[in-house]
Structures are given as structure tokens and as C-alpha cells.
Amino acid sequence: MAQTETRFYPGMGLTTTKAPFIEVARSKGELYIEQPYELYSEENHEAWRRLYARIQERWQRYATDKFLEGVSKLCLDPNRVPRLEDVNRFLAPLTGFKAKAVTGYVPAYIFFDCLRHREFPTTITVRDINSLDYIPEPDIFHDIAGHVPMHTDPRFADTLVRFGEAAHTAARLVREIKDEQLQVQRLISIFRALARFFWFTIEFGLMRGKNGELKVYGSGLLSSYGEIAHAIESPEVQRYPIQLEWVINQHFEIHHYQPLLFIVDSFDHLFDLVDQLERWMLEGKLNNVAPGEPTMSEEDIKSFLEASLD
Ligand SMILES: [Fe+2]
């Protein structure tokens with residue numbers, strides 16, 4: 001029987017979980033790709049337009065000033081899915097960061113290593129127009145509208161690089177362990193601490209604004225129309241000044257609004273905390289953090305153990 005060949009044609013669509021282009025690329029083992037811009041459908045552009053339009057007023061109300069400045073510096077088109085090339089033209093001169101198109105999930109070490117090199121692995125698919133509110137997978141709205149405006153801020157960008165360096169230190173540390181079982185056990189604990197810290201800051205962080213009011217800088221909140229307001233307004237959300245010893249031992253769940261959020265004072269504060277996290281790692285304090293989410297897949301483990309440590 002002849003094999004069916006997948007053909008791509010302009011406007012066929014790059015909808016999350018329904019994009020043949022992505023499926024084919026992944027089946028070939030491709031992680032980094034060129035953004036095939038002509039494949040976006042009018043429905044994809046319309047989904048972007050609606051997502052972007054409705055969140056404007058919430059960004060004005062809840063987002064940190066640094067984020068709003070970032071949005072204006074990137075000159076995103078409200079009506080069309082962004083071209084990564086255009087985004088990078090504005091972004092790279094500011095902090096050296098670049099959005100880099102990927103086919104989907106990036107194994108943990110590779111993700112952090114990209115940050116170390118000022119590259120941000122970026123999902124290029126757009127969520128289905130019928131589920132604008134919630135999807136478990138990241139999409140280009142989360143990555144470009146939620147994350148990338150923060151990357152225009154030099155101190156925030158340096159903090160992401162420090163996360164990458166901390167992951168590099170973790171890989172170097174566990175490589176020295178000869179006992180394989182102990183090696184994996186250590187790695188899982190250190191990774192859990194690192195991933196939790198990333199989650200409660202880069203993805204879901206709050207910070208103090210100029211007058212002491214709470215503002216959002218975490219991308220998971222900035223890309224969610226519902227949760228950005230919930231994070232600031234809901235009396236059910238616990239909001240506490242960040243404590244590293246708490247965060248690294250705090251598990252989280254991804255499928256509902258976060259009931260617990262942490263507040264930093266500034267990006268200098270956040271940067272110093274990543275330094276501290278790395279120091280604790282070197283001192284062995286991350287070797288036995290509390291069990292629970294997030295888990296580490298075989299692929300994630302391999303990415304740490306097999307990475308080339310240049
Ligand atoms: Fe994210």
C-alpha cells in the first residue's frame with residue numbers, strides 16, 4: 001500500500017494538537033524549526049486577535065510596568081500571529097534574547113540551556129479558537145504574549161540566564177556521582193527544586209508595584225484572561241513574600257488556578273534568589289526536597305545526564 005504523504009498548503013493551520021506540520025516534524029525527531037508562517041489559517045489569526053484584544057484591559061490593570069513597557073517595545077501586531085523574526089528584530093538589540101521556534105516539549109536540560117544562551121524555546125502553534133480560555137499545552141500566545149515581553153527587561157533577562165547556569169551546575173554536580181541510582185535520585189530532587197522555583201516565579205510570580213500594590217510578572221498569569229484577575233483579586237488565593245526554602249519544597253498542580261502565589265520585591269531580588277538557589281545546590285541543600293510535583297520524565301533525566309557541558 002502506498003504511503004500517504006502529508007502535504008502542506010498555505011493556510012492549512014497551525015492549531016495546537018491539530019497541526020500536521022508539527023506532527024511530521026516531531027516524527028522526524030526535529031526539535032528546532034523555522035516558523036512556517038504561511039501555514040497559519042485565518043482562524044489562527046482570528047484566535048490571536050481575540051486573545052490579544054480582550055487581555056489589553058487586564059494587562060493595564062494587573063501587569064507590572066516592566067511587562068507593559070516590554071509589550072510596547074516589541075510592537076506586536078494585535079491582528080496577526082507574530083512572526084518570530086519580527087519579534088527578534090526588536091528584542092535582540094535590547095537584551096540579546098531571541099525567540100526560537102520549537103515543535104513542542106523541550107527536554108528539561110535543553111530548555112534551561114537555551115536560556116543560558118539567551119534563546120527562548122517558543123511554541124508556534126495557536127490554541128483552538130473554540131478553547132481560548134484554557135489549554136494545558138503552551139501555545140504562541142502564552143510564549144510570545146506572556147513570556148517574551150519580560151525578556152526585554154535586562155535584569156529579568158539576566159535572571160533567566162542565571163536559571164540556565166544553575167541547571168548547568170546541576171548537570172555538572174550529578175555527573176560526578178558514580179552510583180547510578182543515587183545520581184538519578186539527586187538529579188530528581190535538584191530538578192524539582194529548580195522547576196518549582198521557576199514555576200512560582202517566571203510562570204506565576206507576583207511583585208510589588210511602585211506604591212506597594214501587587215502586580216503580575218509571571219507568564220502563566222499574563223497569558224490567562226481569567227487567572228490574571230483571579231491572582232490579584234480572589235480572597236481565596238494565598239499570597240506570600242517569597243521564601244526560597246518554602247518554594248523549593250512546595251508542589252504544584254497545573255490544571256487549575258493557582259491557590260498559592262509568591263511575591264518578589266524586584267527583579268534584583270529575584271536574581272539574588274537564583275544565586276542563592278545555586279549556592280544551596282552546591283551545599284547539598286537541594287538533595288532531599290519534599291516529594292510531589294513536578295515529575296521528571298525519562299527524557300528529562302537523559303537530557304541532564306547526556307548533555308554536553310561546555
Ligand atoms: Fe511558560
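For ligands, and for the atoms within them, numbers begin at 1 and follow the listed sequence. Keep in mind that this is a model prediction, so the values were computed, not measured. Throughout, residue positions are numbered sequentially from 1 according to the sequence presented.
Side-chain atoms of Glu203 and Trp199 include no donor-acceptor pair closer than 3.5 Å.
Gln258 and Glu253 get closest at one heavy-atom pair: NE2-O, 2.8 Å.
Remark: Thr16 pairs with Thr125 by the side-chain hydrogen bond (donor to acceptor under 3.5 Å, both in side chains) rule, at least two apart or across chains. Remark: Tyr32 pairs with no residue by the side-chain hydrogen bond (donor to acceptor under 3.5 Å, both in side chains) rule, at least two apart or across chains. Residues that satisfy the salt bridge (Lys or Arg N to Asp or Glu O under 4.0 Å) test with Asp143, not counting sequence neighbours, are absent from this structure.
No close placement of the Phe252 and Phe204 rings is indicated, their centers lying 6.0 Å or farther apart.
Protein N/O/S atoms closer than 2.8 Å to the Fe ion (ligand 1), listed by chain and residue number, are His142 NE2, His147 NE2, Glu203 OE1, Glu203 OE2.
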